[in-house]
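These numbers come from the heavy atoms of this one structure, side chains and all, not from hydrogens, waters or symmetry mates. What you see is a predicted model, and the numbers here were worked out from it, not measured in a lab. Order of appearance sets the numbers: ligands from 1, and atoms from 1 within every ligand. Position 1 is the first residue of the sequence, and the numbers go up from there.
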Amino acid sequence: MARYNTIELAVDDRDVATLTFDRPEKRNAMSPELLEEVGDALETIRGDVRALVIEGNGPSFNAGMDFEKYFTELRKKDPLLVKEANFIHGRALNRIKDFPAPTIAKVHGWALGGGYMVMAVCDIAFAATDAKFGFSEINFGIAAGGGTMWAAAHTLSRRDAMYYTMTGEPFDGVEAERMGAVNKSVPPEELDDEVDRFVEKLLEKNALALEYSKDYYDHARRMTYRESHDYELAKGEEMKYFQRQEFFTEGVGQFMEDKYKPGTGEAYE
Ligand code: ACO
């Protein structure tokens, strides 16, 4: 596995990948180098792993864009470098958003601005009850943007998104769970086990079906009912073809033989 300066990437014997932001001294703020490494790292494992967990080393998940290396330094040198950095940022976030296997954000400490966005593009998010989320842009005089408002709009109600992007007030994991921004918040000492239990549940499912679930959802959010219905039917046939129709013999077939209840995922007594 390639070595990186600002992240760690590990794949365990279950084919579960963990990407760790690794600039703890900077609260894992995202420099262009870090974003480049995220994009490269995810490209190397795309299609080869069953799940991807994203976490932060040290006291913070991710403190957002690096004020010095992303915002200030490049602007002073050459505005075109900002354009390139924006491209690298977009590429890294797209690699997470379009990752074929389920992606899980494990949030402790700060998840601010661009760090919140990382959490938002993951499929699932778990947080420590004392994690601290926020849209701090308004606190330094700009609007939450560059994808951060998308993240707010896709994880929060309009009322909550407007409140938190207009006040810049941080909120904790309990509030994030109440608003539906994360699936669940748990005491910090339980976070690792909570995420691992969830990963184990995913590993029991068909990998291709999980991949198609993600794809259907993304399309369903922007298609009409009719378009989505037809898309899912057509893609469903494709999925079953790639699966060599095994659901007929395994899931449905076992049900017909009174061996398995798909409704609960349990065997008949
Ligand atoms: N960019 C660059 N460096 C950062 C960032 C950041 N976003 N966040 C933290 N750091 C650095 C600090 O400069 C400091 O470095 P230093 O020790 O070399 O001086 C180190 O991380 C530790 O930060 P502290 O401020 O000392 O830690 P503290 O725990 O007191 O506060 C906090 C943490 C709240 C995250 C604070 O650093 C902060 O407000 N950072 C800015 C976060 C932010 O607003 N992010 C959103 C950016 S906008 C966007 O992403 C779209």
Side-chain angles (χ1 to χ4, degrees), residues 4-8 19-39 54-77 79 81-97 105-122 125 127-156 160-176 179 181-182 185 188 191:
Y4 300 99
N5 293 325
T6 61
I7 62 166
E8 275 178 20
L19 187 152
T20 309
F21 299 119
D22 194 23
R23 296 183 75 210
E25 72 289 357
K26 296 290 178 187
R27 304 298 181 260
N28 298 323
M30 293 187 286
S31 59
E33 181 186 23
L34 181 143
L35 291 163
E36 181 111 52
E37 291 190 346
V38 169
I54 300 186
E55 62 177 23
N57 188 11
S60 167
F61 175 73
N62 188 310
M65 311 314 288
D66 188 306
F67 280 137
E68 189 188 343
K69 295 199 174 304
Y70 193 96
F71 282 141
T72 330
E73 222 171 60
L74 302 180
R75 224 163 275 270
K76 279 189 202 150
K77 274 190 203 155
L81 292 174
V82 178
K83 186 167 171 284
E84 177 60 15
N86 288 344
F87 172 81
I88 292 167
H89 179 225
R91 186 183 76 126
L93 272 283
N94 281 332
R95 291 263 154 86
I96 301 172
K97 185 157 188 334
K106 189 203 288 186
V107 182
H108 77 290
W110 293 100
L112 293 167
Y116 187 97
M117 206 191 322
V118 170
M119 181 279 291
V121 297
C122 288
T129 44
D130 62 358
K132 289 174 284 263
F133 299 87
F135 305 96
S136 58
E137 289 91 333
I138 201 73
N139 295 338
F140 54 94
I142 64 169
T148 312
M149 190 58 87
W150 181 95
H154 278 75
T155 53
L156 302 175
D160 291 327
M162 288 287 89
Y163 181 90
Y164 282 113
T165 55
M166 292 202 287
T167 63
E169 284 172 16
F171 52 90
D172 66 13
V174 176
E175 173 73 344
M179 295 188 291
V182 300
S185 65
L191 187 57

Among non-hydrogen protein atoms, atom 22 (C) of ligand 1 lies closest to R27 CZ, 3.5 Å

closest protein heavy atom to atom 14 (C) of ligand 1 is E25 O, 4.2 Å

[options]: member with heavy atom nearest to [atom]:
{"atom": "atom 33 (C) of ligand 1", "options": "W110, F135, Y116, F140", "result": "W110"}
{"atom": "atom 8 (N) of ligand 1", "options": "A63, P59, G114", "result": "A63"}
{"atom": "atom 51 (C) of ligand 1", "options": "E137, M30, K132, M149", "result": "E137"}

(request) Classify the ring geometry between F135 and Y116 as parallel (under 30°), tilted (30 to 60°) or perpendicular (over 60°). (result) tilted

**Asked** Looking at atom 27 (O) of ligand 1, would you say a protein heavy atom lies below 4.0 Å from it?
**Response** yes

Worksheet entry | Any protein heavy atom < 4.0 Å from atom 45 (N) of ligand 1 | yes

Exercise. Do any nitrogen or oxygen atoms of K26 lie less than 3.5 angstrom from nitrogen or oxygen atoms of ligand 1?
Worked result: yes

Item to complete: Say whether G64, considering both its backbone and side-chain N or O atoms, lies within less than 3.5 Å of an N or O atom on ligand 1.
Response: no

Working note: L34 + K69, criterion side chain to side chain contact (heavy atoms under 4.5 Å, CB included); need CA distance, chi angles, decisive distance, verdict. CA-CA 10 Å; L34 181 143; K69 295 199 174 304; over 6 Å; no

A29 heavy atoms within 4.0 Å reach ligand 1 at atoms 1 (N), 2 (C), 5 (C), 6 (C), 7 (N)

